[in-house]
Amino acid sequence: QVQLVESGGGLVQAGGSLRLSCAASGSIFSTKLIFWYRQAPGKQRESVAHITPGGSTAYADSVKGRFTISRDNAKNTVYLKMNSLKPEDTAVYYCLYPGGSWGQGTQVTVSA
């Protein structure tokens, strides 16, 4: 079973940047489709981006052009680089693969 741990969140001003990391333990990480989700207070969890084992990516319209998902299979890590952050990006961010379990997430807070 691959376990994922999110990190890299924090408090940033609008227009700033953060890079989130999703570190995996266990085998066959490189074969996993990995999603980044987020959940804002009072809202449903939503998919933000995903990356296939081959490196193909897709993004929610709300983050397209601002967020970049990438993976380093040698380091068993998936990244989410977030630029031009907006207050509405404030949420707890999670990474997940199909069939996996939700982790603790990492809090991102964007001040106006």
Side-chain angles (χ1 to χ4, degrees):
Q1 176 98 13
V2 177
Q3 293 184 326
L4 305 178
V5 178
E6 305 92 345
S7 64
L11 173 63
V12 64
Q13 289 187 329
S17 298
L18 284 173
R19 189 180 76 162
L20 306 184
S21 297
C22 171
S25 62
S27 62
I28 64 173
F29 168 78
S30 63
T31 68
K32 298 294 187 184
L33 168 66
I34 303 292
F35 290 83
W36 278 102
Y37 286 84
R38 68 184 181 187
Q39 187 166 22
K43 294 189 177 180
Q44 288 193 328
R45 202 166 291 184
E46 62 173 348
S47 175
V48 172
H50 69 259
I51 187 165
T52 69
S56 296
T57 60
Y59 301 90
D61 287 344
S62 59
V63 306
K64 203 171 292 183
R66 300 188 298 120
F67 289 12
T68 303
I69 188 171
S70 61
R71 68 192 302 158
D72 185 339
N73 289 333
K75 295 184 178 179
N76 280 359
T77 302
V78 169
Y79 303 98
L80 186 68
K81 181 66 188 301
M82 307 185 296
N83 295 326
S84 302
L85 282 162
K86 304 175 181 180
E88 51 263 44
D89 295 317
T90 294
V92 179
Y93 284 71
Y94 305 86
C95 57
L96 187 75
Y97 64 91
S101 300
W102 294 104
Q104 299 268 357
T106 186
Q107 174 72 49
V108 171
T109 303
V110 184
S111 62

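Relative orientation of the Tyr94 and Trp102 rings is perpendicular, given thresholds of 30° and 60° on the angle between their planes.
Under the 6.0 Å cut-off for aromatic ring centres, Phe67 and Trp36 do not qualify, their centroids lying 6.0 Å or more apart.
Considering only heavy atoms from C-beta on, Thr90 comes within 4.5 Å of Gln107 through its side chain.
Residues Tyr97 and Phe29 are members of one and the same hydrophobic cluster, defined by side-chain heavy-atom contacts under 4.5 angstrom among Ile, Leu, Val, Met, Phe, Trp and Tyr. Residues Val92 and Leu20 are members of separate hydrophobic clusters, defined by side-chain heavy-atom contacts under 4.5 angstrom among Ile, Leu, Val, Met, Phe, Trp and Tyr. The cluster map of Ile, Leu, Val, Met, Phe, Trp and Tyr, joined by side-chain heavy atoms under 4.5 Å apart, puts Val5 and Leu96 in different clusters. A continuous path of ILVMFWY side-chain contacts below 4.5 Å connects Tyr93 to Leu4, so both sit in one hydrophobic cluster.
When all heavy atoms are compared, the tightest approach of Tyr37 to Val48 is C-CG2, 4.1 Å. Between Pro53 and Ser30, the closest heavy-atom pair is CB-O, 3.3 Å. When all heavy atoms of Ser84 and Ser17 are compared, the pair lying nearest together is N-OG, 4.4 Å. For Ala14 against Pro87, the heavy-atom pair with the smallest separation is CB-CD, 4.1 Å. Taking every heavy atom of both residues into account, Arg71 and Thr52 meet most closely at NH1-O, 2.9 Å.
In this structure, Leu33 CG and Ile51 CD1 are separated by 9.5 Å, a value rounded to the nearest 0.5 Å. To the nearest 0.5 Å, the span separating OG on Ser21 from NZ on Lys75 amounts to 9.5 Å.
Under the 4.0 Å criterion applied to side-chain N and carboxylate O atoms, Asp89 and Lys86 are not assigned as salt-bridge partners.
The closest donor-acceptor contact from the side chain of Tyr59 to the backbone of Ile69 lies under 3.5 Å. At distances below 3.5 Å, at least one donor-acceptor pair connects side-chain atoms of Glu6 with backbone N or O atoms of Cys95.
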Using the side-chain contact (heavy atoms from CB on, under 4.5 Å) rule, take Glu88 and Val110 through it: C-alpha gap first, then chi angles, then the decisive distance, then the call. CA-CA 8 Å; Glu88 51 263 44; Val110 184; over 6 Å; no

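Among pairs with a residue in residues 11-22, none fulfils salt bridge (Lys or Arg N to Asp or Glu O under 4.0 Å), at least two apart in sequence or across chains. Listed by first and then second residue, the salt bridge (Lys or Arg N to Asp or Glu O under 4.0 Å) pairs that reach into residues 43-52 are Arg38-Glu46, sequence neighbours excluded.
Partner of Leu18 under the side-chain contact (heavy atoms from CB on, under 4.5 Å) criterion, chosen from Thr109, Leu85, Thr106: Leu85.
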